[in-house]
Student: 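Below you will find the structure I want to go over with you.
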Amino acid sequence: MEIIQPAVQPERAPRKASEPLDAYLSKMGNNLVTKFHVLMRISQIYDSKNVALKQFTQESLQAINALIQQAGALSLKVVKNDLYLNEQRLRYSVEGFTSFKYLITQWRKRRIGEIFFKGLVTEEILKEVIYLLMNLEEGGEENATLFNDELARRDILMIEASPLETFEGEEDGTALRKEDQREVGKKVFFETVGTIKEIITKIKGKQQADVRKLKRLAQKAVHLVMEDESILLGMTTIKNYDEYTFNHSVNVSIYSLAIGRHLGFSKRILTELGITALLHDIGKAKIPRETLNKPGPLNGEEWNLMKKHSLMGVEIVLNLKQLGEVNPRMVIGIFDHHLKNDPSGYPKLFRKKEMGLFGQIIQIADAYDAMTTPRIYKKVPYTPEQALAVMLKEKDGQFDPLLLKIFIGLVGIFPIGSLALLDTREVGIVCKPNLDPQWMDRPQVLLVARDAKGFVKKEVVDLTEKDGNDRFKRSVVKTLDPNKYHIDIGKYFL
Ligand SMILES: [Fe+2]
Ligand SMILES: [Fe+2]
């Protein structure tokens, strides 16, 4: 019997002393999942003898072996809709979303819950593993045993699969319904960011942009916001510094939808509002990237160009073929979104014009998102609470007072994404506001805590909970600035 020895040395990606272990594992894990995803897909196209496979196998191999070398063994496990790397839940990056989804879906379909690597792997072994895995019949309850038997037949003993674990309620779908909605929320969010990016790129390249997908996504978002707005509101805390315009458009749309819902808009009007908000800054596609991302203040000429983005947006939207019938309120919404009652507003008009409702809603959503997102010229953003305070202080007429009140009501006095210090000395992130006006200061909070092994726990507590003596178990003492504590709030919502 020939023992296959690893031929490829693992990629050297040593952990820097300053890098915490879970951050390092998370980075390596994201890399591994992306590589695994590509390999699984490629295996569906080429047979295992194809030379094209070599490069992809090599890349995955380096990722796997680096991790095995680091920890001695490697366990990749699917639990519900999450992936665990050596027992630590992997949070995916914005770019990694598709790969995570693909891997989890494919394993679940084949009833495989875990693949455990006990030692370094060779190219041949990895190929065998991938082809065996992908050739398993969907839904086969004995797949893990079959897989292990096949590996044993090939003398590959350092790899072992375990069946997918099912959880209570998973079969009848009740317990996971909420969890599923959260998954749908993530999917809609990331797909919309990607679609906006595609549209802007097309417009920049003077090509036709297909907006049918955007319409479908806006409809899905409306549906989600009607069911439980906190799911999408939580996603707005993912502040992607590099892809500001895309994330910003999606966030503004989520806030606008939530306001529209509280105003009692119909589904049709909400969809129109959602699309308008998604496209509110589309005119920026005509502004050079250097101007948009300029670290310092804009010069006169640049500023004049910048101020044209609302008008240029109108022009673009009117030319979008697949948008179908464009209601005037959508176009007006885009035109209005920087109009103000003072000279700082634009475009300049000869005659004073009342702002339309869409424009007023988008303006509030726009200001809040811009203030709470780090930008190239302002790396430390306002906390949610500070941003609301600034907006409240704006002199009359800047924001419609009623709409602002609704907005504050729906993000809460401790808005979603706020970091809060509790009287139990625990620290938590507000994840769902309490909509009962009496208990606005008692939202649901995700505790920022680590277990004995140092891994992040995921415990949500409700601040209306009382102890045996009819006293509240926990209350907010004050909010903290996450930037000071180096906490990346968005990651907790993934
Ligand atoms: Fe704008
Ligand atoms: Fe904007």
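Counting starts at 1 for both ligands and their atoms, in listed order.
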Student: By side-chain contact (heavy atoms from CB on, under 4.5 Å), which residues pair with S230, not counting sequence neighbours?
Tutor: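 In terms of side-chain contact (heavy atoms from CB on, under 4.5 Å), with neighbours along the sequence ignored, S230 is linked to D228, I416, K432.
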Student: Does K348 have any side-chain contact (heavy atoms from CB on, under 4.5 Å) partners at least two apart in sequence or in another chain, and if so, which?
Tutor: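 Not a single residue meets the side-chain contact (heavy atoms from CB on, under 4.5 Å) criterion with K348.
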Student: Please determine if K286 and E315 form a salt bridge, counting it only when a charged side-chain N lies under 4.0 Å from a carboxylate O.
Tutor: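 No salt bridge links K286 with E315.
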Student: We want to know whether K27 and N31 form a side-chain donor-acceptor pair, criterion being a heavy-atom distance below 3.5 angstrom.
Tutor: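 No, no side-chain donor-acceptor pair sits under 3.5 Å.
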Student: For Y255 and T236, which I'm curious about, is there any donor-acceptor pair between the side chains at under 3.5 Å?
Tutor: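 A donor-acceptor contact under 3.5 Å links the two side chains.
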Student: Would you list the atom pairs, donor with acceptor, under 3.5 Å between side chains in residues 270-283 and any protein atom, with sequence neighbours excluded?
Tutor:
{"from": "T271", "atom 1": "OG1", "to": "K267", "atom 2": "O", "distance (Å)": "2.7"}
{"from": "E272", "atom 1": "OE1", "to": "R329", "atom 2": "NE", "distance (Å)": "2.8"}
{"from": "E272", "atom 1": "OE1", "to": "R329", "atom 2": "NH2", "distance (Å)": "3.0"}
{"from": "T276", "atom 1": "OG1", "to": "E272", "atom 2": "O", "distance (Å)": "2.6"}
{"from": "H280", "atom 1": "ND1", "to": "A277", "atom 2": "O", "distance (Å)": "2.7"}
{"from": "H280", "atom 1": "NE2", "to": "H248", "atom 2": "NE2", "distance (Å)": "3.3"}
{"from": "H280", "atom 1": "NE2", "to": "D366", "atom 2": "OD1", "distance (Å)": "3.4"}
{"from": "D281", "atom 1": "OD1", "to": "H309", "atom 2": "NE2", "distance (Å)": "2.9"}
{"from": "D281", "atom 1": "OD1", "to": "H337", "atom 2": "NE2", "distance (Å)": "3.1"}
{"from": "D281", "atom 1": "OD2", "to": "H248", "atom 2": "NE2", "distance (Å)": "3.4"}

Student: Please give the atom name: the N, O or S atom of H309 nearest to the Fe ion (ligand 1).
Tutor: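 Considering only N, O and S atoms, H309 comes nearest to the Fe ion (ligand 1) through NE2.
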Student: If you draw a sphere of radius 2.8 Å around the Fe ion (ligand 2), how many protein N/O/S atoms end up strictly inside it?
Tutor: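 For the Fe ion (ligand 2), the figure is 4.
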